[in-house]
Structure formats: C-alpha cells, structure tokens
Protein chains: 2
Amino acid sequence: MEGKKTDLLQGTLDLLILKTLTPGALHGYGIAQRILLTSRETLDVQQGSLYPALHRLERKGLIDSEWKESGNGRLAKFYSLTRAGRKQLAGELDQWQRYARSINWVLDSQ
Amino acid sequence: MEGKKTDLLQGTLDLLILKTLTPGALHGYGIAQRILLTSRETLDVQQGSLYPALHRLERKGLIDSEWKESGNGRLAKFYSLTRAGRKQLAGELDQWQRYARSINWVLDSQ
DNA sequence: TCTACATACATCGTATGACTACATATGCAG
DNA sequence: CTGCATATGTAGTCATACGATGTATGTAGA
C-alpha cells in the first residue's frame, strides 16, 4: 500500500522499444533482453509492461508483427518498425532530448 | 479521444518542485513561475498538476506550508522543504541522473 | 466605473501506462 | 520427469499529469 514505485518513467518505454527495433525485427522477449543488455543491466522491462506496449504500438501502426521461427525450433512473434514507426521514433527521440535538457536546466539552476 | 499527451514525464514533477524549493520557501504559483523561468520557458506546470502535487508532498511530510503575505498585499501558502524533503530530493536527483544515463545508453547503442 | 488581467488556491473527472500476479506453452538439459 | 529458459499474454491495481472549472483579490487602464 506504500511506496508504489515505477521503474520506468511513463512514456519512455515506447521510445526504448522503437529504438531497439531499428537494427531489425525482434520478438518481444528479445526486445526486453536487448534493452537489458544495452542499458547495461539497469532497465529490466517487465512482461506486464512489454506486451501491452507492443500491442499498443501495433494498434497505432508504428510496428508490424509476424510469426516466425525463433532460432531454436520455437515460434515467436517478430516485430518490426513501420515507416510511421520510424518517423515516430525520430520525434520521440527529439522530445526526450529536449525534455531531459529542460529538466537539467531546472536542476542546474541554483 | 486521440493524442492524449503528457507534457511532463510522470514522476519528474516532484523532483522539479523539491529542487525549486531548495533556495527557500515559495508559494505554489511562484513555484510554477520559477520552473518556467529556470527551464527557459519550456516547462509550464499546469495548476491541475501543481496543487495536487503540493498536497501530495505535504502529506508525505516532504514539504511544510504556511500562510504568509505574498509581497503584494495578498495571502499565499508558502511551501518549504522539510529535512525529509531534502533527503528525498537527493535521492530523486540521483535516480533521475541514473535513469537518464540508462536511457541514453540504449539510445546511443547502434 | 467597470473591465480585464495577473495573481493565487483548489477540486473533479479522465486518460495513460507501468506494475504485480497470474496463466499458458514448449524445447532442452540433467 | 523435473526444472529452467524461452515465449506470449491478460486482469486488476495504482499513481499521476492533464483539461476544465470554480473561487477570489489587487491593480492598471479605458
């Protein structure tokens, strides 16, 4: 009942997912692994956050999905960026940078 | 029904408020003005966000309030950091820096 | 005078979205 | 045959930023 903590700042998950998909298609599980890797083990995206986010992004037309084999003999749903997704990523990237800069201006003011 | 946009990332408002109170007590309206100023006109905290946040912070014991005269002959509620608030600020500052660093690691990975 | 604006506080309802917990299934190693 | 990593998903909960709205006052200007 106390100390409900959000690991990720709301709004940044989409950005991370879109960015992670730029080199090529990945399945959900792989996306989480890759974010964990590139964030040097600091950002552990939970499955209860990840899959809803993927469905959301797909509904918005920012990513596409396709069932394919996953290297080991298993099926997995591979997501890839659409043109709209690439555009959205550019926008969110810019927004994040400007937002972080703004915050830092406030934090650096004495 | 579409394009609901959050101006501030959830979780950063408290940090901004606490930071803005470090030089001394301010009333709500003044806090918003000061954030707007120090963010170089980029972060405009809405009143519907600000006052609930102040009440929340006070409930948590991170800030104190006191009705005082506001320079012009008007009464205003002045908020100031408590010891717990100062400690919280240090923690949130650290958290923000580490979080921003993590995001950037992901964004800088090709 | 009266009008507008900046100052100043506050609440309600809504939407978003990240989380925990849980449910399901498979391939492989021991 | 047991456990683990892989893999997808949903239900319910919670925090919180927002727009809209309401109140009130001091001051400047027409």
Side-chain angles (χ1 to χ4, degrees), chain A residues 1-18 25-36 43-60 62-63 65-79 92 95 99 102-103, chain B residues 1-17 25-37 43-60 62-63 65-79 92 95 99 102-103:
Chain A
M1 54 205 61
E2 264 294 316
K4 176 66 172 175
K5 175 90 78 168
T6 310
D7 283 0
L8 251 45
L9 256 25
Q10 248 172 269
T12 53
L13 180 54
D14 289 7
L15 170 61
L16 293 176
I17 292 175
L18 292 175
L26 275 177
H27 54 262
Y29 195 82
I31 293 172
Q33 277 182 126
R34 180 130 188 88
I35 290 177
L36 191 60
L43 300 178
D44 191 2
V45 177
Q46 302 305 306
Q47 308 192 332
S49 314
L50 177 67
Y51 290 106
L54 288 171
H55 300 332
R56 188 164 68 229
L57 290 171
E58 191 173 17
R59 234 178 13 251
K60 288 185 192 166
L62 304 176
I63 56 177
S65 68
E66 195 185 357
W67 285 96
K68 276 203 273 193
E69 237 185 287
S70 166
N72 55 22
R74 236 140 5 155
L75 273 184
K77 210 191 247 179
F78 280 75
Y79 292 95
E92 293 204 17
Q95 224 180 282
Y99 184 74
S102 293
I103 293 279
Chain B
M1 54 202 59
E2 264 293 317
K4 176 67 174 174
K5 174 92 78 167
T6 309
D7 284 359
L8 251 46
L9 290 182
Q10 246 170 274
T12 53
L13 179 53
D14 289 6
L15 169 61
L16 293 175
I17 292 175
L26 277 176
H27 55 264
Y29 196 81
I31 293 173
Q33 277 182 127
R34 181 133 187 86
I35 290 177
L36 191 60
L37 177 72
L43 300 178
D44 191 3
V45 177
Q46 302 305 306
Q47 305 193 335
S49 316
L50 177 66
Y51 291 106
L54 287 171
H55 300 332
R56 186 165 70 230
L57 290 171
E58 191 173 19
R59 234 177 13 249
K60 287 185 193 167
L62 304 177
I63 57 178
S65 69
E66 193 185 358
W67 285 95
K68 274 202 275 193
E69 238 185 288
S70 164
N72 54 22
R74 237 140 4 155
L75 273 184
K77 210 191 246 179
F78 280 76
Y79 293 94
E92 293 204 17
Q95 224 180 281
Y99 184 73
S102 293
I103 293 280

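Chain identifiers are assigned alphabetically (A, B, ...) following the order of the sequence lines, protein sequences preceding nucleic acid strands; residue numbering begins at 1 within each chain.
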So, is R56(A) near the phosphate of dA18(C), with a side-chain N or O under 4.0 Å from OP1 or OP2?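 Checking R56(A) against dA18(C): at least one side-chain N or O falls below 4.0 Å of OP1 or OP2.
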Check this one for me: any side-chain N or O of H55(A) less than 4.0 Å away from OP1 or OP2 of dT10(D)?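 Yes, within the criterion.
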Give the dot-bracket line for DNA chain C from 5' end to 3' end: parentheses for intra-strand Watson-Crick or G-U pairs under 3.5 Å, square brackets for crossings, | for inter-strand pairing, dots for unpaired. ||||||||||||||||||||||||||||||
Where at least one partner belongs to residues 43-58 of chain A, residue pairs that pass salt bridge (charged side-chain N to carboxylate O under 4.0 Å, His left out), sequence neighbours excluded: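 Qualifying pairs, neighbours excluded: D14(A)-R56(A).
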Please find the pair of heavy atoms, one from [X] and one from [Y], that lie closest to each other, and give the distance.
{"X": "L26(A)", "Y": "R34(A)", "value": "CD1-CD, 3.9 Å"}
{"X": "G48(B)", "Y": "P52(B)", "value": "O-CG, 3.3 Å"}
{"X": "H27(A)", "Y": "S70(A)", "value": "CE1-OG, 3.6 Å"}
{"X": "T12(B)", "Y": "L9(B)", "value": "OG1-O, 2.6 Å"}
{"X": "F78(A)", "Y": "E69(A)", "value": "CE1-O, 3.7 Å"}

Closest listed nucleotide, where the reference is the side chain of [X] and the choices are [options]:
{"X": "Y79(B)", "options": "dA10(C), dT7(C), dG9(D)", "result": "dA10(C)"}
{"X": "H27(B)", "options": "dG9(D), dA10(C), dA8(C)", "result": "dA8(C)"}
{"X": "W67(A)", "options": "dC19(C), dT8(D), dA8(C)", "result": "dT8(D)"}

If I take atom [atom1] in residue [X] and atom [atom2] in nucleotide [N], what distance separates them, rounded to the nearest angstrom?
{"X": "D14(B)", "N": "dA15(D)", "atom1": "CG", "atom2": "C1'", "value": "10 Å"}
{"X": "K68(B)", "N": "dA8(C)", "atom1": "NZ", "atom2": "C1'", "value": "16 Å"}
{"X": "L9(A)", "N": "dA18(C)", "atom1": "CG", "atom2": "C1'", "value": "11 Å"}
{"X": "D7(A)", "N": "dA18(C)", "atom1": "CG", "atom2": "C1'", "value": "9 Å"}
{"X": "L75(A)", "N": "dT6(D)", "atom1": "CG", "atom2": "C1'", "value": "13 Å"}
{"X": "L36(B)", "N": "dA6(C)", "atom1": "CG", "atom2": "C1'", "value": "14 Å"}
{"X": "L57(A)", "N": "dT8(D)", "atom1": "CG", "atom2": "C1'", "value": "16 Å"}
{"X": "L8(B)", "N": "dG17(C)", "atom1": "CG", "atom2": "P", "value": "15 Å"}

Heavy-atom contacts, protein to nucleotides 25-30 of chain C, under 4.0 Å, summarised as B (base), S (sugar-phosphate only) or - (none) per nt, yield -BS---
ring-ring contact (aromatic ring centres under 6.0 Å, His included) with Y99(B): which residues, sequence neighbours excluded?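 Partners of Y99(B) by the ring-ring contact (aromatic ring centres under 6.0 Å, His included) criterion come out as none, since no residue qualifies.
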For S70(B) and L13(A), find the nucleotide of DNA chain C closest to each by heavy atoms; which residue's nucleotide sits nearer the 5' end?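 The residue closer to the strand's 5' end, by nearest nucleotide, is S70(B).
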Q33(B): what forms a side chain to side chain contact (heavy atoms under 4.5 Å, CB included) with it, not counting sequence neighbours?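 Testing Q33(B) for side chain to side chain contact (heavy atoms under 4.5 Å, CB included), a comparison that skips the adjacent residues, returns Y29(B).
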Sequence-distant partners of S49(B), side-chain hydrogen bond (donor to acceptor under 3.5 Å, both in side chains), two or more places apart: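 Here no residue qualifies.
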Do the side chains of [Y] and [X] get nearer than 4.5 Å, heavy atoms only?
{"X": "L50(A)", "Y": "I17(A)", "value": "yes"}
{"X": "I31(A)", "Y": "L16(A)", "value": "no"}
{"X": "L43(A)", "Y": "D7(A)", "value": "no"}

With a 4.0 Å heavy-atom cut-off, tell me which residues in residues 46-54 of chain A come close to DNA chain D, sorted by residue number.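 Result for residues 46-54 of chain A: Q47(A), G48(A), Y51(A), P52(A), sorted by number.
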Within the 4.0 Å heavy-atom criterion, would you say G30(A) contacts the bases, only the backbone, or no part of the nucleic acid?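 G30(A): no heavy atom of the nucleic acid under 4.0 Å.
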